[in-house]
Asks: 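Have a look at this one.
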Protein chains: 2
Amino acid sequence: MQRMTRQRAAVVEVLADSEEFRTAQELHDMVRGQGHSVGLATVYRTMQAMVSAGEVDVLRNAEGEAMYRRCERTEHHHHLLCRDCGRTEEIDAALVEQWAESVGRAHRFSNIEHTAELFGTCADCAADEDS
Amino acid sequence: MQRMTRQRAAVVEVLADSEEFRTAQELHDMVRGQGHSVGLATVYRTMQAMVSAGEVDVLRNAEGEAMYRRCERTEHHHHLLCRDCGRTEEIDAALVEQWAESVGRAHRFSNIEHTAELFGTCADCAADEDS
DNA sequence: TTATCTGCAAACATTTTGCAGCGAG
DNA sequence: CTCGCTGCAAAATGTTTGCAGATAA
């Protein structure tokens, strides 16, 4: 059902080497930078597959572009994203989970899902702005 | 420096009537639904202007589209949406606000903003599904 | 062998921009 | 009268899709 092709391997490899979220274009450049030749569409298709397989996290940057990163925790979690440099930190969101559940129950809603992301300026970027 | 035209007035009006975040397309439809004729590009240009003037908040939905809402001086709130009938309930989000603040502080991020929405099935729709 | 994957290019959706004319101040 | 604003259509992104050929299993 999921073939391991030369292209997929190359994409998975750069993804594994990358600590940060990357756009599809960045991944594409990185793959080609390593000498492999992979179509951009294939990068998108591979990311789609891995996202729905739960192997990759996806979020949107301020410009609305999708960014991907390998999942470190397969459980559902949230992110704190620096507006300026794009660095991300995973956050323990137990509180939000609880909150979502209890609010849902209070309103007699079932099957609660939620979205929650934090954006801010990280300490380094805040320092840079002073100059 | 900023002229008040018929078009701009129409956009500002629908924006003022709307409690929720709206895409540019939605605003465009709403304006035309009220009988005015305004170009889509004008909606975008008006939103750009109002965002940089700090009169409008902008965020990206899951599909990466920009959504706009008038800036509320008062504390912002979140919503619980029914997946089936679309009804929305306003929820007291004091807990999330606190959570966002404290998580940001813990990671030494400043200027924290956040997005958080809940989705579920309301009691009425859950009952309908049983039939 | 054969169902899936790939590359390419064309299709799409959203947003931006160039330009000639309109209109607020 | 003037310069900013508007509409339109064209361009610029970022992403998806159709299709014919390649290829993993």
Side-chain angles (χ1 to χ4, degrees), chain A residues 1-16 18 20-53 55-69 81 83 86 88 115 117, chain B residues 1-16 18 20-69 115:
Chain A
M1 59 160 288
Q2 187 79 303
R3 294 183 182 169
M4 181 47 60
T5 63
R6 179 179 59 77
Q7 293 86 342
R8 185 175 297 264
V11 172
V12 169
E13 189 194 325
V14 294
L15 205 57
S18 185
E20 305 293 330
F21 280 89
R22 304 288 186 192
T23 64
Q25 312 262 2
E26 282 171 345
L27 292 172
H28 184 235
D29 290 348
M30 291 166 72
V31 166
R32 308 193 70 184
Q34 300 211 340
H36 304 94
S37 168
V38 173
L40 181 56
T42 298
V43 175
Y44 277 109
R45 278 188 281 228
T46 302
M47 287 303 98
Q48 279 178 339
M50 298 184 74
V51 165
S52 48
E55 297 166 35
V56 158
D57 261 349
V58 57
L59 60 76
R60 301 275 174 174
N61 67 14
E63 284 79 40
E65 299 170 318
M67 306 189 73
Y68 308 92
R69 193 187 58 173
L81 184 59
R83 240 188 304 271
T88 61
T115 64
E117 301 291 342
Chain B
M1 54 165 284
Q2 187 80 304
R3 293 182 182 172
M4 181 46 61
T5 63
R6 179 179 60 76
Q7 293 87 339
R8 184 174 297 263
V11 172
V12 169
E13 190 194 325
V14 293
L15 205 58
S18 185
E20 310 292 331
F21 281 90
R22 303 289 186 191
T23 64
Q25 312 263 2
E26 283 171 344
L27 291 172
H28 184 235
D29 290 347
M30 291 166 72
V31 165
R32 307 193 71 184
Q34 300 211 342
H36 305 94
S37 168
V38 173
L40 182 55
T42 298
V43 175
Y44 278 108
R45 278 188 281 228
T46 303
M47 286 303 98
Q48 279 179 339
M50 296 184 76
V51 165
S52 50
E55 296 167 34
V56 159
D57 266 347
V58 58
L59 61 76
R60 300 276 175 174
N61 67 13
E63 284 78 40
E65 300 171 320
M67 304 190 74
Y68 308 93
R69 191 187 60 175
T115 64

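Just so it is clear: chains get the letters A, B, ... in the order the sequence lines come, proteins before strands, and each one is counted from 1. On a predicted model such as this, the values are computed, not experimentally measured, just so you know.
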Asks: How would DNA chain D look in dot-bracket form, 5' to 3', counting Watson-Crick and G-U wobble pairs with both distances under 3.5 Å and writing | for bases paired to another strand?
Replies: |||||||||||||||||||||||||
Asks: Expressed in angstrom and rounded to an integer, what is the separation of B:Glu63 atom CD from C:dT15 atom P?
Replies: 11 Å
Asks: Please tell me if A:Gln7 has a side-chain N or O lying less than 4.0 Å from either OP1 or OP2 of C:dG7.
Replies: yes
Asks: Could you go step by step and tell me if B:Val12 and B:Met50 meet the side chain to side chain contact (heavy atoms under 4.5 Å, CB included) rule?
Replies: CA-CA 9 Å; B:Val12 169; B:Met50 296 184 76; 4.1 Å; yes
Asks: Give the rounded distance in Å between these two atoms: CE of B:Met47 and P of D:dT6.
Replies: 11 Å
Asks: Measure NE2/A:His28 against C1'/D:dT15 and give the value in whole Å, please.
Replies: 14 Å
Asks: Show the nearest heavy-atom pair for residues B:Ser37 and B:Gln7, with the distance to one decimal.
Replies: O-CG, 4.3 Å
Asks: Calculate the interatomic distance between A:Glu65 atom CD and C:dT14 atom P; express it in whole Å.
Replies: 16 Å
Asks: Write down the distance between CG (B:Asp29) and P (C:dT14), rounded to a whole number of angstrom.
Replies: 11 Å
Asks: Tell me: CD of B:Glu26 to P of C:dA13, nearest whole Å?
Replies: 16 Å
Asks: Using the rule given for side chain to side chain contact (heavy atoms under 4.5 Å, CB included), can you reason through A:Met47 versus A:Leu15, listing the C-alpha separation, both sets of side-chain angles and the distance that settles it, and then say yes or no?
Replies: CA-CA 10 Å; A:Met47 287 303 98; A:Leu15 205 57; 3.7 Å; yes
Asks: Touch check for A:Ser37, heavy atoms < 4.0 angstrom, all strands: base, sugar-phosphate only, or nothing?
Replies: sugar-phosphate
Asks: How would you summarise protein contacts on nucleotides 16-25 of chain D per nucleotide, using B for base, S for sugar-phosphate only and - for none, with heavy-atom distances below 4.0 Å?
Replies: BBB----BBS
Asks: Of the non-hydrogen atoms in A:Glu13 and A:Gln34, which two are nearest, and what is the gap between them?
Replies: OE2-OE1, 3.2 Å
Asks: Where is the tightest heavy-atom contact between B:Arg8 and B:Ala49, given as atom of each residue plus distance?
Replies: NH1-CB, 4.1 Å
Asks: Separation of A:Leu59 atom CG from D:dT15 atom P, in whole Å?
Replies: 12 Å
Asks: With rounding to the nearest 0.5 Å, note down the distance linking CD in A:Gln48 to OH in A:Tyr68.
Replies: 7.0 Å
Asks: If you look at every heavy atom in B:Arg60 and A:Asn61, which pair is closest and at what distance?
Replies: CG-O, 4.1 Å
Asks: Any idea which heavy atoms bring B:Ala24 and B:Leu40 closest together, and the distance?
Replies: O-CD1, 4.1 Å
Asks: Taking all heavy atoms of A:Val38 and all of A:His28, pick out the closest pair and write down the distance.
Replies: O-NE2, 2.8 Å
